[in-house]
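Because only heavy atoms are used, hydrogens play no part in the values below, and waters and symmetry mates are left out as well, while side chains stay in. Remember, predicted model here, so these are calculated numbers, not experimental data.
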Amino acid sequence: MNQTPHIQYAVRTDLGRVRKNNEDNYIEFVSPERRWIALGAIDGVGGYEGGEIAALICKENIELKLAQAGNNALSNPLQFVRE
């Protein structure tokens, strides 16, 4: 019997000491066949107008690239991250 392992994880961001709104975001991508996951933190660009929008754009683009690459991202993960 081939069972996919169950992975539990949590994400948390922090407002910090200066800002009034949290501009952070995170990547949470589970491959369609549930073979692998990608998790990552995106630190918002505090102090600049639209920092939370920049973090969201980053999140969406990385998750889209992961979806497009599929299991090919696993063949050379470091190269995938660099690109």
Would you give me the side-chain donor-acceptor pairs under 3.5 Å for residues 76-83, sequence neighbours excluded?
residue: Asn76; atom: OD1; partner: Gln79; partner atom: N; Å: 3.2
residue: Gln79; atom: NE2; partner: Glu83; partner atom: OE2; Å: 3.2

**Request:** Enter the distance from Asp24:CG to Leu56:CG here, rounded to the nearest 0.5 Å.
**Result:**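 Reported to 0.5 Å precision, the distance equals 12.5 Å.
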
**Request:** Report the distance from atom CG of Leu74 to atom CZ of Arg35, rounding to the nearest 0.5 Å.
**Result:** 5.5 Å

**Request:** Output every pair passing salt bridge (Lys or Arg N to Asp or Glu O under 4.0 Å) with a member in residues 54-74, not counting sequence neighbours, ordered by first then second residue.
**Result:** Lys59-Glu63

Side chain to side chain contact (heavy atoms under 4.5 Å, CB included) partners for [X], two or more places apart:
X: Ile37; value: Ile7, Tyr9, Val30, Leu39
X: Ala38; value: Phe29, Trp36, Leu66
X: Ala41; value: none

**Request:** Please report the closest heavy-atom contact between Gly51 and Glu23, naming both atoms and the distance.
**Result:**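 Looking at all heavy atoms of both residues, the shortest contact is CA-OE1, 3.5 Å.
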
**Asked** Tracing side-chain links under 4.5 Å among I, L, V, M, F, W and Y, which residues wind up in one group with Ile53?
**Response**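 Ile53 clusters with Ile57.
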
